[in-house]
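Here is the structure we will look at.
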Amino acid sequence: MDVLMLSRLQFAAATMFHFIFVPLTLGLSILIACMETAYVRTGNEVWKKMAKFWGKIFLVNFALGVVTGITLEFQFGTNWSRYSMFMGDIFGSLLAIEATVAFFLESTFIGVWHFGWDKLSPKAHAIVAWLVAGASNMSAIWILIANGFMQDPKGYVLRNGRAELDNFFEVITNKWAWLEFFHVIPASLCVGAFFIMGVSAWHLYRKSNTEFFQKSFNVAVSLAVVATIFTAVEGHMHGNNMALKQPAKLAAMESHWETQKNAPLYLLLVPGEDGNLIEALPVPGALSFLAFNDFNAEVTGLNDIPKEDRPPITITFLAFRIMVGLGTLMPALALFGWVMRNRLDKFPLYLKYLPYAIPIPYIAIQAGWVLAEVGRQPWIVYGLMRTSDAVSPVSTGEVGFSFVLMCALYTVLGAAGIWLMIKLAKKGPEDNTPIQV
Amino acid sequence: MTEIMEVGSWHYYLAMIWFVLWGVLWAVYFILDGFDLGVGSLLPFLAKNEQEKRAMLNSTGPFWDGNEVWLISAGGVTFAAFPYAYAQMFSGLYTALMLLLFALIIRGVSFEFRSKVESETWKNIWDRAHFAGSFLPALLLGVAFGNIFQGLPLDNTGFSQAGLFGLLNPYGLAGGVLFVVIFVMHGALWLTIRATGDLHTRAESLATKIWPVEVVLTVLFLVYTAMATQLFSNYMVYPFLFVVLALPVGGLIMMRTYLGAKKYWMAWASSCAYIGGVALFGVIGIFPAIIPSNPNPAHSLTIMNSASSELTLSIMLGVALVFVPIVIGYQFWVYKHFATPMTESDIHY
């Protein structure tokens, strides 16, 4: 394998691993802050116990998210040094701003949150919880603005052999970035909500700490209903923008070959890298409508996109279907749980199997990123720089060594972390006596 | 490399400001993460029982995460303000940096993982991981900066691979050893502030013993630097620059004086001054290069040829002027409230 392929795999592995933990951090931090606020307002100890219990799991998850994020920032330099030289003026400054305005806040106050239960008043502690939640989500804004530039570059000028900043306002108001943000944040809330729902269902099924987990479930399921529907609706808007800006990605994710108006959507389709293997049951105009909200819109086909500019078709096609399929299942699961939330004991099967739904939003969100990033290939910055021109001129040996070491390390730490989280989740809140303030 | 800016232009002065801030960021990172890496490196040697291990870990527990962000910031600013230098530095030091990151990852999770399972084996695993994850970064940061002081083998295309074994040259290793000793001393002094009882006494006597080692190593390193690098050339042209040495030298003397007087906070602050002084000494030495090239200084990455655009540098300066004081403010608040001698409840978690 060459350095390019190794670096791509390494970056994909590092990002996807990082993104196992980030969405739960984003979602859970908000839920925990809400629990602490409820505690401050009502004085009911159950809320405090909830914040502490979910907080303990949150901390394990948070630690893995933070440490794996550091690798990403530095990988731009180690593995993608030509990209860094080309894009540093814009991309580097966005990362630096993210660290200054958000990451500092989040990392400083997570320690205060952890060690501050006895040192701060409940109100001050709740404020700290909101600072952590707000800062984590603010981090996401800057990272997505940076990613938005890679998807739809705006506000730059080519000078000195690189992309230089021309209009900062255009960079930070990039429509792509904000559509992404309003897709990723509610999707992360889904991860957090399904996590709490699943763990709560596990306990409710076993009738342990019923009051505690019923309350947790109710908070999470209400959020899940809103977040799943919002994510899906917003995802459609995001798709419309993508169809306009990145026709190659649209063509690849639908495996659409012939440029045509009134383009059909095939209910049965098996994609191939040089044309579809099977195409059956067309719904006339449906593809045009989904992409452009117009049955007669023209959809560019892969045959009109030069081969060297096409993304990998099968991966993009599958990632899109996994994301949308699971994205449809989630609101259904959430709505059912919400309607039946006070009669859950009548539906033991729902409670029994809901813990298995915890991975669903995770898989959907990973598929979404695969669609976004693999679908953008062969470009690292859409239309501006190819991934193959971005890689560092380092040796295969060095990248191979670090890749193998990274995979081994991440596997061990990830397994240990997930095992710990499951263990903590199953244990439940330790004792049933009220916590002393 | 071609020059991006004219010397004397507004763009140039902006880049100069960022060069200074770049140096300051690395210095602050070494000062802050230095003591928690030091405490971690001391973990297997200083703690005699479970209670003391917890005390050592919790002495840095509330701070290490916020401290580490200074590294992200220092890296981010290198990326943003001097992208060419960032690209060279991180790809040129590829394996060393990867090992540094992996070590920091291991240390970070060991904080969270250790206490979650009541098993001796489990705790031992994470204690060892914590030690490795603290000691290795101290060593590797020293090796990396030793090599930067000495100059990286850049050629006219910029890229040139040093390789891990190329970095492990005598001067690079000397930098590594010096960093380890500096951080261990810094960590021991931190423990004299936060630990109580036996652990406090042992930390204090250890710091007293390391001090002469630190003095000797600092002097040897300066002599070695004069022989192996061009770091003194700016000082030779402008001898008044030697004034900056007052900071590390003064810091060294004061940390021993305050330690003897049992003024632990002041002793630790002197160690901060010393670390800041060492960093400043290095930054002035490489100026105007960010990554000096060795053997051919003509290929160095400098303020002039590797900076970002004027607009990017100005916007970042605006962001920094507004937000860095805020960051310093709340981090100061955290230290004020949490860096107290530990009681039973601090060790409990």
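Since this is a predicted model, take the numbers as computed values, not measurements. Every chain is numbered from 1, with letters handed out A, B, ... down the list of sequences.
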Below 4.5 Å from any heavy atom of chain B, which atoms of [X] appear? Answer side chain, backbone, both or neither.
{"X": "A/D166", "answer": "backbone"}
{"X": "A/V399", "answer": "both"}
{"X": "A/L59", "answer": "both"}
{"X": "A/I70", "answer": "both"}
{"X": "A/V101", "answer": "both"}
{"X": "A/L413", "answer": "both"}
{"X": "A/N167", "answer": "backbone"}
{"X": "A/L424", "answer": "side chain"}
{"X": "A/K423", "answer": "side chain"}

State, with a plain yes or no, whether a side-chain heavy atom of [X] is found less than 4.5 Å away from one of [Y].
{"X": "A/V67", "Y": "B/L104", "result": "no"}
{"X": "A/L420", "Y": "B/W122", "result": "yes"}
{"X": "B/M89", "Y": "A/T78", "result": "no"}
{"X": "B/P83", "Y": "A/R162", "result": "yes"}

If only atom types and distance count, is the side chain of A/E73 paired as donor or acceptor with the main-chain N or O of B/G76 below 3.5 Å? yes

Check: A/G77 main-chain N/O paired with B/Y86 side-chain donor or acceptor under 3.5 Å: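 Yes, the answer is positive, given that a donor and an acceptor are paired below the 3.5 Å cut-off.
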
Most heavy-atom pairs under 4.5 Å with chain B, out of A/G111, A/A99, A/S402, A/G417, belong to A/S402

Under a 4.5 Å heavy-atom cut-off, does chain A meet the side chain of [X], its backbone, both or neither?
{"X": "B/T340", "value": "side chain"}
{"X": "B/I105", "value": "both"}
{"X": "B/E310", "value": "neither"}
{"X": "B/A129", "value": "neither"}
{"X": "B/L313", "value": "neither"}

More than 12 heavy atoms of other residues, nucleotides or ligands under 6.0 Å from NZ of B/K116: yes or no? yes

Aromatic ring proximity, centroids under 6.0 angstrom, A/F109 and B/Y330: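 Ring centres of A/F109 and B/Y330 closer than 6.0 Å.
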
Quick one: sort the A/F74 and B/F90 rings into parallel, tilted or perpendicular, breaks at 30° and 60°.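 Rings of A/F74 and B/F90: parallel, under 30°.
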
Can you spot which of A/D89, A/I90, A/V157, A/N160 makes a side-chain contact (heavy atoms from CB on, under 4.5 Å) with B/S309?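 Output: one option passes, namely A/D89.
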
